[in-house]
Protein chains: 2
Amino acid sequence: MSSIRDVSSLAGVSVATVSRALRNPQQVAEPTRTRVLEAVEALDYRPNQMARNFRSRQAFAIVVLAPDIGNPFFARVVRGIEQVAQRGGYAVLLGDTQGSAAREAEYLNLVRSRQADGVIQLSARIDPVALGKLWSAGSAPAIVNACECADTDFCPRVRIDNVAAARAMSEHLIGLGHRRIGVVTGPAASPLTRDRLAGHIGAMQAAGLAHKPALTIEGDFSLQSGFDAAESLLHAANRPTAVFCFNDEMAIGAIRRFKAAGLSTPADISVAGFDDIDFARFADPPLTTIAQPMEVLGRTAMGVLLDILGGRRSSSETHVLPTNLMVRESTASPAA
Amino acid sequence: MSSIRDVSSLAGVSVATVSRALRNPQQVAEPTRTRVLEAVEALDYRPNQMARNFRSRQAFAIVVLAPDIGNPFFARVVRGIEQVAQRGGYAVLLGDTQGSAAREAEYLNLVRSRQADGVIQLSARIDPVALGKLWSAGSAPAIVNACECADTDFCPRVRIDNVAAARAMSEHLIGLGHRRIGVVTGPAASPLTRDRLAGHIGAMQAAGLAHKPALTIEGDFSLQSGFDAAESLLHAANRPTAVFCFNDEMAIGAIRRFKAAGLSTPADISVAGFDDIDFARFADPPLTTIAQPMEVLGRTAMGVLLDILGGRRSSSETHVLPTNLMVRESTASPAA
DNA sequence: CTGAAAGCGCTTACAG
DNA sequence: CTGAAAGCGCTTACAG
């Protein structure tokens, strides 16, 4: 592979001139520039990006820490991230942590060792302040926390209003006439669970209804955990007439389990989800859910990171993106 | 951030010794090594990987070209790739091409510009031979083609036997008593479509049945396209009693459409999928499908790439991984 | 507008 | 076992 040196000798100029002709064309005289470009063409020369990055102390890569890329929600957020990263000239290193702290640490080493310039963290698992230590004193930590956000304003955050979105869904259910509403949450430690639960409880209280802890089952956002949670609910002393699942997979799993028990949705039991992944629309019945702007979440997060990386921003604002209650066919008034 | 120079002065040795103490500890005397390690500790020194990579002309990163990371099938293959990449010390750059040739080219530039050492191509869209040109004459192109494979043995391939798997599914359907079987394929240009169709037609002919082109609809592997294909099938002169969809999403979309038309699966019409993504098991009814070893496909592909990168292999063998016919509840004998 | 030179942070023959 | 030196392929002040 030819190097800048080969081009410079073929064109009869110094390597500095070649470098300039490529990076700041207006700095070199037209005839010289042409000569250089011809040599580049003739040799099929490509600047060695590794050398360039090394020189400029930038990796032009970011790592995204995702709990599970197999989850369609995260897959779409990552897609959004990638779109703007590519436009901005950054590569995205995939850090699928699968809940392993060791893998997470491994990925964070990519920034410690200067292989990545920044990180988008799609979970609140790591303390952003600890994360910030990865950057040397002088420079602003290039971190953005998206989707599942920590309770700090140490770094910019991009998220939805989980409390309000969950409240909207519960109000929908209550409006339909439901009084006993089951809930299938995410992991207890997740801020997502806490916020959505707060929204739900708020709606219940505002309607003068009691929130029943016995009808609140902890899931892990998987289809199977929704299935299992439904089973618990089936055995509850006073079975709920509606179940609010904190993501679509769990809702789909729950509907499946209810059906196996002879309960049809929504005639016998209403089931609602959260996220609005593609499968929600094609579920049977089509799922009532909260639509999250998945790609936009990703694009926004990457946009903010690009700003930080470009020195155009360093404050730690929070972006709250709008959600939408999608009423479809999995929820209805309870049977009389 | 401290550099190797800082460590060397603190430890009172040359930078060469620091480098050795870190990379080939047995090459330096025990007391010296200890001194170096203490200095490393004291300064919280981390070797600059970018410098190291630049020096050694290796990026320790590979790019995976995936048609769509939002597709659970690819997401899981990528997860498998990532697992072994991380163990092997490689980062994975995500190249979600979304069918755009421009984006694909953009990602391939990562290897031209030496930011990636190899590529795993999850589609047959690019001619591997053209791809191979990215490598300079002397060195072996570090490419592996997985899942959707081209008809060349230019590079190693990791795949399943699509013909046999599709034949097995069609035999299952035929065995159930179906005579008119509809097919929802992937894009016509895809080798996946061609092979699975060949398997299906082979099974039909072996059973003395005619394959009806009118009952073969082209889809694009999305839920929506399965839905739309089902609609076409509904209007067919002689409606099929079973439909073989070339992936699970399309099967789920088709079942949805049939149900909307008042046809229930499998009582009125059997529907089969392909892949066995998580949603297949939780579909309503649970989907009869072909299970592909998604993670293993990814892990194998990355293993082969690691071998090539490590100079341990260069031949272009093909790995054919086993599949499994999963008979669940979406297929049954046709109504009498 | 152009070139000579320094240097980014490492690694690795080459001596000793 | 250790050090001085060269060099990986670029970019960028600094002169001219």
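From a predicted model like this one, the values you see are computed outputs, not experimental measurements. Throughout, protein chains are lettered first and strands after them, A, B, ... in sequence-line order, and every chain is numbered starting at 1.
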Item to check | DNA chain D stem ranges, 3 or more consecutive Watson-Crick or G-U pairs under 3.5 angstrom | outcome: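 Only these stems qualify: C:1-3 with D:14-16, C:5-12 with D:5-12, C:14-16 with D:1-3.
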
Between [X] and [Y], is there a donor-acceptor pair closer than 3.5 Å when you use the side chain of the first and the backbone of the second?
X        : Y        : value
B:Asn24  : B:Gln26  : no
B:Asp96  : A:Glu82  : no
B:Asp220 : B:Pro187 : no
B:Asp117 : B:Ile62  : no
A:Arg157 : A:Asp151 : no
B:Asp6   : B:Ser3   : yes
A:Thr300 : A:Val296 : yes

Shortest non-hydrogen contact from [X] to [Y]?
X        : Y        : result
B:Val304 : B:Pro156 : CG1-CB, 3.7 Å
B:Ser190 : B:Glu148 : OG-OE2, 2.7 Å
A:Val63  : A:Ala116 : CG1-CB, 3.3 Å

Among [range], which contact DNA chain C at a heavy-atom distance under 4.0 Å?
range                     : answer
residues 50-60 of chain A : A:Phe54, A:Arg55, A:Arg57
residues 19-29 of chain B : B:Ser19, B:Arg20, B:Arg23
residues 2-16 of chain A  : A:Val13, A:Ser14, A:Ala16

Item to check | A:Arg57 vs A:Arg114, side chain to side chain contact (heavy atoms under 4.5 Å, CB included): CA-CA, chis, key distance, verdict | outcome: CA-CA 8 Å; A:Arg57 300 146 176 297; A:Arg114 254 59 67 52; over 6 Å; no

Checklist entry - Side chains of B:Asn109 and A:Arg46: donor-acceptor distance under 3.5 Å anywhere? => result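 Side-chain D/A pair, B:Asn109 to A:Arg46: present.
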
Checklist entry - Among side-chain atoms of A:Glu38 and A:Thr34, is any donor-acceptor pair under 3.5 angstrom? => result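 There is no such pair (donor and acceptor under 3.5 Å, judged by atom type) between the side chains of A:Glu38 and A:Thr34.
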
Item to check | Note: B:Glu30-B:Arg33 ion pair, threshold 4.0 Å (strictly below) | outcome: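 Yes.
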
Checklist entry - Considering only heavy atoms from C-beta outward, does the side chain of A:Leu93 approach that of B:Leu93 to under 4.5 Å? => result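 They are in side-chain contact.
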
Next on the checklist: Please identify the 5'-most and 3'-most nucleotides of DNA chain D with any atom under 4.0 angstrom from a heavy atom of chain A.
Outcome noted: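 Here the contact window of chain A covers D:dG9 to D:dA13.
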
Checklist entry - Just one of B:Val78, B:Ile69, B:Val158, B:Thr97 clears the side chain to side chain contact (heavy atoms under 4.5 Å, CB included) bar with B:Leu122, so which one? => result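 When B:Val78, B:Ile69, B:Val158, B:Thr97 are each tested with B:Leu122, the side chain to side chain contact (heavy atoms under 4.5 Å, CB included) holds only for B:Val78.
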
Next on the checklist: Under 4.0 Å, heavy atom to any atom of DNA chain D: which of residues 105-117 of chain A qualify?
Outcome noted: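 Output list: empty, so none.
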
Item to check | Neighbour count above 12 (heavy atom, 6.0 Å) for B:Glu41 CD | outcome: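 It does not: B:Glu41 CD has 12 such atoms or fewer within range.
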
